[in-house]
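Numbers for residues simply follow the sequence, beginning at 1.
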Amino acid sequence: MRLDYTTDHGAAARARFGLVVLQVDETIEDEFPRLVGRDGIAVHFTRVRSGKEVTGETLAAQAADLPVAAALLPPGVPFDVIGYACTSGATVIGPENVARAVRAARPDDFATTRVTDPLTAVGAACRALGVRRLGFVTPYVAEVSTAMRTALEADGLEIAGFGSFEQAEERVVARISPGSIERAVVEVGRSEPCDAVFVSCTNARTLDVIETAEQRLGLPVLSSTQALAWHMLLLAGIEARRPGCGRLFAG
């Protein structure tokens, strides 16, 4: 029996997002949908090869694999926004080069598709919140943290307090407890006067402690995944309001 059917816009009636995730990331596929999940929004994930450790060399090597990863997103359908979900990778490769690599893989999509990354997103988030002095928490070794600090300062931000877990191995970063992250945010936020605190790395489990840390500090708290989700919603023209996700999602 041949059955009749009708078609509609599928799961992406409002927006379609693509997310290029590091091979070693264990966290963002849990946190990102909790931030952007709404009726009519579809999220498609793909993975890019990445090293077990976060170093300038392993991050730079991703540039060659980004087009391959982006090409594995569903073909023949329009994307509103594609995100590269690596803050340190965007720092080392450069946001413009990230966007160029993604566009090279999907040349037919880019009449409407935008590309972003956590580094670009946190800059936009800081401007939206009026943040100039930023407390900065990272899990990274000094080489990577220094490069990111330089990039944030080049975007017009002043880094106030700073602290790092000084961990190179991604597997360990994914296992740093949310309680440890909250304590680090509060410690850095209280160490120097600042307008907000930013926790870098999409592999860090931040979402469940953002609001509590904000209440303890009386300041906005940003994370890589939270800022990326907010920016992708903004670029797609969708209101980012969501309770429990920090001041950035307060609307």
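Using a distance-only test at 3.5 Å, with no hydrogens or angles considered, a donor-acceptor pair links the side chain of Asn97 to the main chain of Ile93. The main-chain N or O of Leu207 is found under 3.5 Å from a side-chain atom of Glu31 such that the two form a donor-acceptor pair. Within the 3.5 Å criterion, the main-chain N or O of Leu35 finds a donor-acceptor partner in the side chain of Arg38. The backbone N or O of Ala142 sits nowhere less than 3.5 Å from a side-chain atom of Ser145 that would complete a donor-acceptor pair. Of the possible donor and acceptor atoms, one in the side chain of Arg242 sits under 3.5 Å from a partner among the backbone N and O of Gly37. A donor-acceptor pair under 3.5 Å is formed between the side chain of Ser50 and the backbone N or O of Gln23. Side chain of Thr116 to main chain of Met232: no donor-acceptor pair is present (N/O by atom type, distance under 3.5 Å, no hydrogens or angles). Of the possible donor and acceptor atoms, one in the side chain of Asp80 sits under 3.5 Å from a partner among the backbone N and O of Arg16. Asp195 contributes a side-chain N or O that, together with a main-chain N or O of Arg132, makes up a donor-acceptor pair within less than 3.5 Å. Counting only distance, with no hydrogens or angles, the side chain of Glu214 and the backbone of Arg247 share a donor-acceptor pair below 3.5 Å.
Here CG of Leu217 is found 7.0 Å from SG of Cys194. Values are rounded to the nearest 0.5 Å. Once rounded to the nearest 0.5 Å, the distance linking CD1 of Ile210 with CD of Glu182 reads 11.0 Å. Leu66 contributes atom CG, which lies 5.5 Å from atom OH of Tyr84 (distance to the nearest 0.5 angstrom). For the atom pair OG1 of Thr87 and CG of Leu119, the computed distance is 7.5 Å after rounding to the nearest 0.5 Å. Between atom CZ of residue Arg49 and atom CG of residue Asp65 there is a gap of 4.0 Å, rounded to the nearest 0.5 Å.
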**OP:** Give the C-alpha distance, both sets of side-chain angles, the deciding distance and a yes or no for side chain to side chain contact (heavy atoms under 4.5 Å, CB included) between Leu19 and Ile28.
**Re:** CA-CA 10 Å; Leu19 207 63; Ile28 194 169; 3.8 Å; yes
Original post:
Taking it one step at a time, do Glu153 and Ile159 satisfy side chain to side chain contact (heavy atoms under 4.5 Å, CB included)?
Top reply: CA-CA 7 Å; Glu153 289 173 339; Ile159 303 302; 4.0 Å; yes
Subject >> Intermediate values then yes/no, side chain to side chain contact (heavy atoms under 4.5 Å, CB included), Glu26 and Glu170 >> reply: CA-CA 9 Å; Glu26 302 178 42; Glu170 286 279 13; over 6 Å; no
**OP:** I would like to know whether Asp208 and Arg34 meet side chain to side chain contact (heavy atoms under 4.5 Å, CB included); could you show each step before the answer?
**Re:** CA-CA 11 Å; Asp208 291 330; Arg34 292 164 60 191; 2.5 Å; yes
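Between Arg175 and Glu169 no salt bridge is recorded (no basic side-chain N to carboxylate O distance below 4.0 Å). Looking at Glu96 and Arg100, no side-chain N of the basic residue comes within less than 4.0 Å of a carboxylate O on the acidic one, giving no salt bridge. Salt bridge Asp30/Arg205: absent, no basic N to carboxylate O contact under 4.0 Å.
Put simply, the side chain of Glu239 does not reach to within 4.5 Å of the side chain of Leu233, judged on heavy atoms. Annotation: side chain of Leu22 is in contact with side chain of Gln62 (closest heavy-atom distance under 4.5 Å). Contact annotation: the side chain of Asp155 approaches that of Arg127 to within less than 4.5 Å [non-hydrogen atoms, C-beta and beyond]. Residues Arg47 and Asp25 are in side-chain contact: their nearest non-hydrogen atoms beyond the backbone lie under 4.5 Å apart. Side-chain contact between Val173 and Tyr140 is absent, with no heavy atoms from C-beta onward closer than 4.5 Å. You'll find the side chain of Leu129 reaches within 4.5 Å of the side chain of Leu222, heavy atoms only. With a 4.5 Å cut-off on side-chain heavy atoms, Thr120 and His231 count as touching. Residues Val122 and Leu152 are in side-chain contact: their nearest non-hydrogen atoms beyond the backbone lie under 4.5 Å apart.
The cluster map of Ile, Leu, Val, Met, Phe, Trp and Tyr, joined by side-chain heavy atoms under 4.5 Å apart, puts Leu234 and Val43 in the same cluster. Hydrophobic clustering (side-chain heavy atoms under 4.5 Å, transitive across Ile, Leu, Val, Met, Phe, Trp, Tyr) groups Val141 together with Val92. Tracing side-chain contacts under 4.5 Å through hydrophobic residues (I, L, V, M, F, W, Y), one never reaches Val68 starting from Val115; they form parts of separate clusters. Under the 4.5 Å side-chain contact rule for hydrophobic residues, Ile238 and Val81 share a cluster. Grouping the Ile, Leu, Val, Met, Phe, Trp and Tyr side chains by contacts below 4.5 angstrom, directly or via other members, places Val172 apart from Phe165.
Scanning all heavy atoms of the two residues, the minimum distance from Ala42 to His44 falls at CB-NE2, 4.0 Å. Contact record, Ala70 with Ala105: CB-CB, 3.9 Å, taken as the closest heavy-atom pair. Nearest heavy-atom pair across Phe45 and Pro33 is CZ-CG, 4.0 Å. Across every non-hydrogen atom of Thr202 and Ala85, the tightest pair is OG1-O, 3.1 Å. In terms of heavy-atom proximity, Ile181 sits nearest to Val209 at CG2-CG2, 4.3 Å.
A donor atom on one side chain and an acceptor atom on the other are found under 3.5 Å apart for Thr138 and Ser164. Judged purely by distance below 3.5 Å, without hydrogens or angles, the side chains of Arg183 and Ser180 pair a donor atom with an acceptor atom.
Taking the six-membered ring where the residue is Trp, Phe162 and Phe136 present tilted rings, their angle falling between 30° and 60°.
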